[in-house]
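Below: the structure, in structure tokens.
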Amino acid sequence: LVTYNSVLQIFSKAGKFTEALDILAKMEREGIIPDAFTYNELAASYARAGLYEEAAALLDKMANKGIKPNFVTYTTLIHGYGNAGMIEKALHLFENMKKSGCPPSISTYNTVIAILGKKRRLNDMMDMLEEMRNYGCAPNRVTWNTILAMCGKQGMEKSLDRVYEVMMNHRVEPDRDTFETLITAYGRCGSTEDALKMFDEMLKSGFTPRITTYNAVLNAIARKGDSVAANSVINDMRNKGFKPDKISYSLLIQCYAKEKNLKGMEKIEKGVYSGKIYPSWIILRSLIIANFKCRHLEGTERAFHEVQKNGYKPDLVILNSMLSIYARNGLFEKGKEIFDLIKKLELKPDLVSYNCLMDMYAKGGEPWEAEQVLNGLTGIKPDVVSYNTVINGFCKQGLMKEALRVFSQMLREGLQPC
RNA sequence: UCACUUUACUUCUGU
């Protein structure tokens, strides 16, 4: 049974569902009864892939087979809901878990806290910490790391300082993950100095950096667009025997973009397009976004072309960026092609896509067409950007009356002008 | 043999 579970785990981690399910079927054929581990592993792999419904369905399946879900099962499923942004479902399942007599573990609390933090529900998060304490569960290092990471993502530098201080006062020993979290968190708050300080602290505490550590440092530097410093980190890591990976390159690209340093970007592009640097999805995607941010049409198109050439399926962020840059350059036909491509790829244009489409008409001197798109939206609620786009289109043509008409329509929809 | 934190990118209007 353990052997089967291990094999199943390998397929699960690789995202190979069919193979994983084959293992399950094989177990049943051979009379090996799957246990909670088996189902938990399956649940985790569904959760990782964002298939929360399939994951949740396993609860019923387990019940049918007479296997009691344990706290790992619940934690996994709660995590799955959280990943998919289904926060209410996650909290609901957490309540059900307690009601069903399955006591939450510290990991369950950590999961819930992470979900609340991601959704910026800070008060609920504090409540959950309180509940956890009352429950007799002391925060562990993962809990602290979670809170530190959250402070960083929200850019709350003061809180970050404070939480770190409190953590120290509680005599919680930071580990390598803690330091990496701190480096990233300070970087996100815009404080490269503190990020570098944390890197020093980490070394002083006797931890050996890994590639993720260097990337965390690189991240802090890249946000400032200091490519000289970034390249010196790359050199450092090379000297320590680490080869920059795709994330390192991606960070370097972002750094150049921030700096509006097209020359620097070209240097990497040359490496990627000549095959010296492996054209991974992450790198090509970064190149599109970086060129897009620099409003560099040619570079954006080139990178987009490479994505397709290498057999990757562009996602909506990429396609919307293409729509946007074509709108900005008045390349109507190309924009239409992207819109068709979205459908051909069986993706659903989202509000951003439609806003770009409207912008294309608005900038092309066809505000009426833009308004038609606006009024033709089904299943998507236009937002302030949509209205602003159309209003702007009319204004550009000097059609103030029409602009005002759309403006009042927007007010009627209950949208606040800005 | 399973779960929680921990390195990249996140796109649209106006000024």
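Throughout, a chain's letter reflects where its sequence line sits, starting with A, and its residues are numbered from 1. Bear in mind that the values here come from a model prediction, so they are computed numbers and not experimental data.
Distances were taken from every side-chain heavy atom of A:Val142 (C-beta onward) to each of B:U13, B:C12, B:C4; the shortest belongs to B:C4. Listed nucleotides B:C4, B:C12, B:U1 differ in distance to A:Thr75; the shortest reach to its side chain belongs to B:C4. The A:Lys396 side chain lies nearest to B:G14 when the options are B:G14, B:C4, B:C2. Checked against B:A3, B:U11, B:U6, the side chain of A:Thr181 finds its nearest nucleotide in B:U6. Nearest nucleotide to the side chain of A:Asp359, out of B:U1, B:U13, B:A3: B:U13. Closest contact between the side chain of A:Ser321 and the listed nucleotides B:U11, B:C4, B:U7 involves B:U11. Of all nucleotides listed (B:U7, B:C4, B:C2), B:U7 comes nearest to the side chain of A:Thr184. The side chain of A:Ile289 lies closest to B:C9 when the candidates are B:C9, B:U13, B:C2. Checking B:U6, B:U11, B:U5 against the side-chain heavy atoms of A:Asp177 singles out B:U6 as nearest. The listed nucleotides are B:G14, B:U5, B:C12; the one nearest the side chain of A:Val352 is B:C12.
Residue A:Ser6 is classed as a sugar-phosphate contact, given heavy-atom separations below 4.0 Å to backbone atoms only. Base contact: A:Leu316 has a heavy atom under 4.0 Å from a base atom. Within the nucleic acid shown, A:Ser107 comes within 4.0 Å of at least one base atom, counting heavy atoms only. Within 4.0 Å of A:Leu251, counting heavy atoms only, lie sugar-phosphate atoms of the nucleic acid but no base atom. At the heavy-atom level, A:Thr146 lies under 4.0 Å from the strands shown only through sugar-phosphate atoms. As judged by a 4.0 angstrom heavy-atom cut-off over every strand, A:Lys363 is placed among residues touching the sugar-phosphate backbone only. Nucleic acid contact for A:Tyr354: none, since no nucleic acid atom lies under 4.0 Å from a heavy atom of the residue. Residue contacts shown for A:Lys153 are limited to sugar-phosphate atoms, with no base heavy atom under 4.0 Å away.
In terms of heavy-atom proximity, A:Leu262 sits nearest to A:Cys294 at CD2-CB, 4.0 Å.
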May I have the list of side-chain donor-acceptor pairs in residues 387-395 of chain A shorter than 3.5 Å, sequence neighbours left out?
| from | atom 1 | to | atom 2 | distance (Å) |
| --- | --- | --- | --- | --- |
| A:Thr389 | OG1 | A:Val385 | O | 2.6 |
| A:Asn392 | OD1 | A:Lys396 | NZ | 3.2 |

Which atom pairs, one a donor and one an acceptor, fall under 3.5 Å between side chains of residues 40-50 of chain A and the rest of the protein, sequence neighbours left out?
| from | atom 1 | to | atom 2 | distance (Å) |
| --- | --- | --- | --- | --- |
| A:Asn40 | OD1 | A:Thr73 | OG1 | 2.6 |
| A:Asn40 | ND2 | A:Ala36 | O | 3.3 |
| A:Asn40 | ND2 | A:Asn70 | OD1 | 3.3 |
| A:Ser45 | OG | A:Leu42 | O | 3.0 |

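Residues from residues 366-391 of chain A with heavy atoms under 4.0 angstrom of RNA chain B, sorted by number: A:Val385, A:Asn388, A:Thr389. Within a heavy-atom distance below 4.0 Å of RNA chain B, the residues of residues 323-331 of chain A found are A:Ser324, A:Arg328.
Residues satisfying the ring-ring contact (aromatic ring centres under 6.0 Å, His included) criterion with A:Phe304, sequence neighbours excluded, are absent altogether. For A:Asn329, the side-chain contact (heavy atoms from CB on, under 4.5 Å) test picks out A:Leu297, A:Ile325, A:Leu331, with sequence neighbours left out. For A:Phe207, the ring-ring contact (aromatic ring centres under 6.0 Å, His included) test picks out A:Phe179, with sequence neighbours left out. Taking A:Phe94 as the reference, A:Tyr109 meet the ring-ring contact (aromatic ring centres under 6.0 Å, His included) condition, with sequence neighbours excluded. For A:Asp245, there are no salt bridge (charged side-chain N to carboxylate O under 4.0 Å, His left out) partners, not counting sequence neighbours.
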* **Verdict with reasoning, A:Asn5 to A:Met27, per side-chain contact (heavy atoms from CB on, under 4.5 Å)** => CA-CA 10 Å; A:Asn5 283 346; A:Met27 287 170 79; 4.1 Å; yes

